[in-house]
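This report concerns only the one structure given below.
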Amino acid sequence: MVELSNKEMATILRELADLLEIRGENRFKVRAYYNAARRLTAINQDLHQLVATNRLKELPGIGKGITALIKETLENGYCSTLEEIKRELPAGLLELLMVPGLGPKKAHHLFYQLGIEDIEGLKKGLEKGQVRELKGFGAKTEQKLLASLEEYQSYQKLIILQHALLHSQELIEELKRYQGVLQIERAGSIRRMKEVTGDIDLLVAGKERAGIINYFIRLPLVETVTLQGENKGSVRTEQGIQVDLRVVSPAEFPAALQYFTGSKEHNVRLRELAKKSGYKLNEYGLFKDEQRVELKSEQDIYRILKLDYIIPELREDRGELAAAAAGKLPVSISYQDIKGDLHLHSRFSDGVHSIEELVQTARQRGYQYIAITDHSQSLRVAHGMSPETLQQQLGEIEHLQDKYSDIKILKGIEVDINSDGSLDYPDQILEQLDLVIAAIHTGFGQGKAEITERMIKAMENPYVKIIAHPQGRILKKRAAYQIDRERLMEKARETNTCLEINSSAYRLDLDDLTVRMAKGYGVKLAINTDSHHRNEFDNMILGIAVARRGWLEKDDVINTMEIEQLLSFLRGD
DNA sequence: GCCGTTTTCGGCCCGACTGTTTTCAGTCG
């Protein structure tokens, strides 16, 4: 048996689907592979367990054929069906599909007629003018492909959520000034608060659509106009971000907002459900017997389809429709539930502000408590504190606690987990503290087994209460390190250790799916900002978004507790 | 390839936009 994660198996299925489609296979067969891949990434159960217990084919979308294919792949370490088709079709074809405007059918013609088998070949074919000679292609297609190829190569255009929220806010402010704009909302993955997005989708209800589109594409922020239609305008802003604006009538707005918020998978399920209930749902409205059903808001759509309202963060086809039908949706945690921030850095290590400034910022936000958790000695790049400096800091906190009686300042530390799993301070130091957070900052190159053991050893230390940014990823820069998540969760539950949702804009670690997995294990979470500057206190909403996407409720998160309850929890009472 | 309170065969979500086509295929969301 070979260790393959659900995600890796999903990748195999997707590659297989893409190649089959390029070859010209029945598209429903192809879709079956995509569906199976999607199912694998959407579940928290481990693939190997499902296979071992013979429950794999219980998953919807995974039947006899794909079950056999997965089993075979796990046994051999490779998928013979995929390898076979890869002998026939070069692997570089897969990357062609990443080019916007180029799908499997076009890739088919490019390969079978011109022998183009990768990005380089495409570029040459385009430059030599061969591509435009093909049937179904032309000069315009050539230009479009050249442009999108350049875009694809020039940069990976992922936008982190924080950036997307700010940039879309600017655009919304600008658009609101135009008279014809009656209503405006973010749509797409930003509205679902996904951690990264490819573009910004905005939806407007308004009169005189052409005027609105015209106003939009002439905004000062706009650099190039990529599309201008009757109901839609697409631009690239000076920050290089793609923005799509759609304009609909006020009557259409609720259905359009639902539609353009997605996810695509959620919408597919919702339309299936609508169809079964005798309705038709599209971006223009909800229809019964060709008659438009009047909708006042997006909520009406869910209500009419006999579902509890599903917040955008949950719309990922991860079981939310069934839960909504059964009245079992989570009461999602919200920003108002947060009583304090348990991971903050001061000037004692690599933070910008004094502890007092952090205290003041927290009081302004109405927090009941904060924890000062600077770095421990070995993390030199972050000015980790020697035991002596830590003692100084503890004195300072006591002094400030006397000064500010309306907020509890917890004495904390973010202690490094050494590469052997030991901690960077001895227990005699840790026992003096209210809160010990442990984290990995070095040795990312270790293998899965080593990292997992290291983490487990840290959790076995009785003083460790939270593991910070447990997967070590940096968005757009560094992938999560390999860690055995099942063992991590089991150990966290056993030792009553919390896992962190680190709200730092480039971390958002744990991610939404792993958060949900933690909840399934009964593991508690802490949503912290890891602020090094007081502006970063705002990042709490990003962590809340991850929590909501991970189906968390107030009671799953420790920093929703009142101070007395939290203190008793930290003491292990 | 998957699936089933009309089904083991015959469907599989739906519509806009684009470019190329002269009635539509491909891509995208």
Side-chain angles (χ1 to χ4, degrees), chain A residues 13-14 16-18 20-22 24-39 56-70 81 96-110 131-145 147-148 187-192 194 197-203 209 213 226-234 242 244-248 252 255-287 315 317 321:
Chain A
L13 290 171
R14 258 188 225 105
L16 183 56
D18 283 337
L20 285 171
E21 194 163 16
I22 292 174
E25 196 69 59
N26 175 306
R27 67 196 176 99
F28 293 108
K29 181 172 167 179
V30 170
R31 190 187 296 173
Y33 285 109
Y34 282 122
N35 287 341
R38 205 179 63 208
R39 179 64 51 190
L56 189 58
K57 59 178 173 294
E58 289 171 18
L59 296 177
I62 298 185
K64 224 165 110 186
I66 293 180
T67 297
L69 186 134
I70 289 175
T81 318
L96 287 184
L97 303 183
M98 307 291 287
V99 178
L102 209 175
K105 295 283 159 50
K106 285 203 170 80
H108 175 94
H109 294 303
L110 290 171
V131 172
R132 86 176 109 177
E133 301 301 327
L134 290 183
K135 186 161 183 266
F137 293 68
K140 286 246 176 90
T141 305
E142 177 187 88
Q143 284 313 306
K144 207 174 149 185
L145 286 179
S148 46
S189 47
I190 305 182
R191 183 153 182 258
R192 302 199 311 280
K194 238 184 128 181
T197 179
D199 58 11
I200 290 176
D201 290 313
L202 298 175
L203 182 69
R209 304 181 181 199
I213 302 275
T226 46
L227 182 154
Q228 181 184 6
E230 221 174 296
N231 310 310
K232 178 180 170 177
S234 290
Q242 172 84 23
D244 294 343
L245 175 81
R246 300 183 192 252
V247 188
V248 300
E252 291 166 341
L257 182 60
Q258 195 290 317
Y259 179 86
F260 290 116
T261 296
S263 69
K264 186 181 167 188
E265 290 78 13
H266 173 88
N267 287 352
V268 167
R269 296 281 169 257
L270 192 64
R271 285 196 291 268
E272 279 171 3
L273 182 70
K275 195 175 170 184
K276 270 185 207 148
S277 318
Y279 291 91
K280 185 177 76 164
L281 180 64
N282 59 31
E283 61 258 58
Y284 300 109
L286 184 65
F287 301 88
R315 299 182 196 168
D317 187 26
L321 286 164

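Order of the sequence lines sets the chain letters (A, B, ...), proteins ahead of strands, with each chain counted from 1.
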Problem - Close side-chain approach of A:I22 and A:L96, heavy atoms under 4.5 Å - result: no
Practice task
Determine the contact category for A:L102: base if any of its heavy atoms lies under 4.0 Å from a base atom, sugar-phosphate if only primed atoms, P, OP1 or OP2 are that close, otherwise nothing.
Solution key: sugar-phosphate
Problem - Within-4.5 Å side-chain heavy-atom neighbours: A:R246 and A:N231 - result: no
Exercise for the section: Could you measure between the two P atoms, the one in B:dC12 and the one in B:dT5, and give it in whole Å? Expected result: 16 Å
Practice task
Specify the glycosidic conformation (syn or anti) of B:dT20, with syn defined as within 90° of 0.
Solution key: anti
Problem - Test item: A:I190 and A:D201 side chains (from C-beta on) under 4.5 Å apart, heavy atoms - result: no
Fill in the blank from the handout: By side chain to side chain contact (heavy atoms under 4.5 Å, CB included), A:Q143 pairs with (sequence neighbours left out) A:L146
Fill in the blank from the handout: A:L97 CG to B:dT27 P, in whole Å, measures 9 Å
Handout entry: Integer angstrom distance from the C1' of B:dT8 to that of B:dC2
Key = 12 Å
Problem - Inter- and intrachain pairs under salt bridge (Lys or Arg N to Asp or Glu O under 4.0 Å), touching residues 267-277 of chain A, at least two apart - result: A:R269-A:E272, A:R269-A:D317
Side-chain polar contacts of residues 257-268 of chain A - donor-acceptor pairs under 3.5 angstrom, sequence neighbours left out - could you list them?
unit_1	atom_1	unit_2	atom_2	d
A:Q258	NE2	A:N267	OD1	3.0
A:Q258	NE2	A:Y302	OH	3.1
A:T261	OG1	A:R191	NH1	2.8
A:T261	OG1	A:L257	O	2.6
A:S263	OG	A:E265	N	3.4
A:S263	OG	A:E265	OE1	3.4
A:S263	OG	A:H266	N	3.1
A:S263	OG	A:R315	O	3.1
A:H266	ND1	A:E320	OE2	2.7
A:H266	NE2	A:Y302	OH	2.9
A:N267	ND2	A:Y259	O	2.8

Handout entry: Sequence-aligned protein contact record of nucleotides 15-24 of chain B, with B where the base is within under 4.0 Å of a protein heavy atom and S where only the sugar-phosphate is
Key = SSSSSS----
Practice task
For A:L13 and B:dG1, give me the distance from atom CG to atom P, rounded to whole Å.
Solution key: 13 Å
Atom pairs under 3.5 Å: protein N/O with N/O of nucleotides 4-12 of chain B:
none

Completion exercise
Taken to the nearest whole Å, CZ/A:R27 to C1'/B:dC14 is 12 Å
Exercise for the section: Mind calculating the distance between CG (A:L59) and C1' (B:dC3) to the nearest angstrom? Expected result: 15 Å
Handout entry: Spacing of the C1' atoms in B:dT20 and B:dG26 (rounded, Å)
Key = 11 Å
Problem - Separation of B:dC2 C1' from A:R39 CZ (nearest whole Å) - result: 12 Å
Handout entry: Heavy-atom side-chain proximity of A:E21 to A:Y34 below 4.5 angstrom
Key = yes
Problem - Set of residues satisfying ring-ring contact (aromatic ring centres under 6.0 Å, His included) with respect to A:H109, sequence neighbours excluded - result: none
Handout entry: P atoms of B:dC13 and B:dT23, separation to the nearest Å
Key = 29 Å
Problem - Flag side-chain contact, heavy atom, 4.5 Å: A:T141 against A:V131 - result: no
Handout entry: Atom pair distance, as rounded to whole Å: CD in A:Q242 and C1' in B:dC28
Key = 12 Å
